[in-house]
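These notes concern the structure reproduced below.
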Amino acid sequence: MVIASQKKHSTSVQIFYDAVCFTLGSILYGCSVSVFSEPNQIAPGGVTGLSIVLNSLFYTPVGTMVLILNIPLMIWAVIELGYKLVAKTIFAIILTSIVIDLIAILVPPYQGDKMLVAIFAGVTEGAGLALIFIRGGTTGGTDTAARLLGKRFPHVSMGRLMMLIDFTVVLIAAFAFQSIESAMYAVIVIFVATQIIDAMLYGTDVGTGKLLFIISRKSNDVADAIIHKLSRGVTILKSRGAYTGSDNEVLLCAVRKYEVYRLTQLVREIDNKAFIIIGDAGQINGEGFKENAQEEKTLRDIIKKRKK
């Protein structure tokens, strides 16, 4: 009974933290969109950027369009990833969509200096998204689309897929607004938001990845969860405790920075006594990260290959 009560209390606390972070994150993100970006025709990539473009063309509410455009993505995500992994994301999308439209009604837009607009749009967007990411959610859009496309194109890194999607939306916005400056300011928003997210989630370190060593009595279960739920590879290293002299296993796993929180939470759910060491990986080459450098092919090589 005591254990059950403790688990119930712990779940209630987690739900409370989720609600607080999601609410604050949605308000900040909503301010970024409705106070800064949309009134100044800046579309900083993703579904939200596309919704801002549609708003300028057809006067559709930005938040409502964010929700509508995310529906097919969420259906795809539930099919590919399972509803448990996208439940928080679905909640975050609904909440941010509502808040974006509410703020557009209640808070007056800022239409002053465009550079200030881009900087503050990036700061509020980054802070809002970071609060949502901290609690294991996302706002759908680019990151969800990139993750789903990554399953179809595993040879392309998630970072490149996200950049491609955002770049495409920025280009569409430049044509729709008939302003190259709009695209330039959108790039500034994306850059500032990315820096804020990194600073809030991982400090000021901007390394390309994180390396985790995990020591657990349930190493097989942990490894299986990482492989199937995070789609990350795991290496099992044989080890021996210097003090106890007992044989053990150490799991070695390389992940991107934004995956660290989710991985540690996953490990704790399986074994809350697991020992986890997290270190910086200055550069990670290989599938899912930076591609290994390939030798440049000469024109002769290309012609020979086509003849074959």
Side-chain angles (χ1 to χ4, degrees), residues 28-77 89 93 96-101 103-105 107-126 128-129 138-150 152-153 156-197:
L28 287 170
Y29 188 71
C31 287
S32 173
V33 176
S34 297
V35 177
F36 299 110
S37 295
E38 185 271 322
N40 293 280
Q41 293 192 327
I42 297 175
V47 167
T48 302
L50 196 57
S51 299
I52 290 173
V53 173
L54 293 173
N55 171 267
S56 71
L57 297 175
F58 307 109
Y59 305 103
T60 52
V62 176
T64 303
M65 289 310 302
V66 168
L67 181 61
I68 292 172
L69 292 176
N70 267 302
I71 288 174
L73 276 177
M74 289 302 99
I75 294 172
W76 187 12
T89 293
I93 290 170
T96 52
S97 299
I98 294 170
V99 171
I100 286 171
D101 285 344
I103 289 178
I105 297 170
V107 182
Y110 175 80
Q111 293 179 297
D113 184 86
K114 280 288 186 74
M115 183 58 72
L116 287 177
V117 168
I119 291 172
F120 278 89
V123 170
T124 49
E125 177 183 324
L129 289 177
T138 73
T139 54
T142 304
D143 47 349
T144 302
R147 186 174 178 189
L148 292 168
L149 287 172
R152 305 293 181 185
F153 306 101
V156 182
S157 69
M158 187 170 177
R160 287 190 179 184
L161 287 170
M162 291 177 69
M163 184 174 65
L164 178 63
I165 296 168
D166 282 336
F167 184 67
T168 302
V169 173
V170 169
L171 281 180
I172 292 171
F175 281 108
F177 299 145
Q178 296 183 346
S179 169
I180 191 66
E181 285 188 354
S182 173
M184 292 178 176
Y185 285 122
V187 171
I188 294 173
V189 175
I190 294 170
F191 176 78
V192 173
T194 301
Q195 298 304 308
I196 295 295
I197 290 170

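Bear in mind the structure is a predicted one, so any value in this text is a computation, not a measurement.
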Tyr110 and Leu116: side chain to side chain contact (heavy atoms under 4.5 Å, CB included), yes or no, with the steps? CA-CA 10 Å; Tyr110 175 80; Leu116 287 177; 3.8 Å; yes

Would you please test Lys114 and Asn40 for side chain to side chain contact (heavy atoms under 4.5 Å, CB included) and show each step? CA-CA 8 Å; Lys114 280 288 186 74; Asn40 293 280; 3.8 Å; yes

Might you work through the side chain to side chain contact (heavy atoms under 4.5 Å, CB included) test for Ile42 and Val117, ending with a clear yes or no? CA-CA 9 Å; Ile42 297 175; Val117 168; 3.8 Å; yes

Report the C-alpha distance between Tyr185 and Gln41 in whole Å, list the side-chain angles of each, state the deciding distance to 0.1 Å, and finish with yes or no for side chain to side chain contact (heavy atoms under 4.5 Å, CB included). CA-CA 10 Å; Tyr185 285 122; Gln41 293 192 327; over 6 Å; no

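The shortest side-chain heavy-atom distance between Thr124 and Val35 does not fall under the 4.5 Å cut-off. Under the 4.5 Å side-chain criterion, counting only non-hydrogen atoms from C-beta, Thr142 is not in contact with Val47. Between Ile93 and Ser97, some side-chain heavy-atom pair lies under the 4.5 Å cut-off. Residues Asp166 and Val169 form no side-chain contact, since every pair of their non-hydrogen atoms from C-beta on lies 4.5 Å or further apart. Using a 4.5 Å cut-off on side-chain heavy atoms (C-beta onward), Phe177 and Leu57 make no contact. When side chains are defined from C-beta on, Ser32 counts as touching Ser37, because their heavy atoms get closer than 4.5 Å. Within the 4.5 Å cutoff, no side-chain heavy atoms of Ser182 are placed close to those of Val170.
Partners of Phe58 under the side-chain contact (heavy atoms from CB on, under 4.5 Å) rule, at least two apart in sequence or in another chain, are Leu54, Thr60.
What you find for Leu69 and Ser51 is that their closest heavy atoms are CD1-OG, 3.6 Å. The shortest heavy-atom contact between Gly126 and Ile196 is C-CG2, 3.6 Å. The heavy-atom pair separating Thr194 from Ile190 by the smallest distance is OG1-O, 2.8 Å. What you find for Ile165 and Ala145 is that their closest heavy atoms are CD1-CB, 3.8 Å. Heavy-atom minimum distance, Ala43 versus Gly49: CB-O, 3.4 Å. Between Ile100 and Gly30, the closest heavy-atom pair is CG1-CA, 3.8 Å.
Interatomic distance, Asn70 CG to Met65 CE, rounded to the nearest 0.5 Å: 10.5 Å. Atoms CD1 and OG1, on Ile68 and Thr64 in that order, are 6.5 Å from each other to the nearest 0.5 Å.
A donor and an acceptor atom, one from each side chain of Tyr29 and Thr48, are located under 3.5 Å apart. There is no side-chain donor-acceptor pair under 3.5 Å between Thr139 and Thr96.
When the shell of 6.0 Å around CZ of Phe167 is examined, it contains 12 or fewer heavy atoms from other residues, nucleotides or ligands. Atom CD of Gln111 sits in a crowded spot, with more than 12 heavy atoms from other residues, nucleotides or ligands closer than 6.0 Å.
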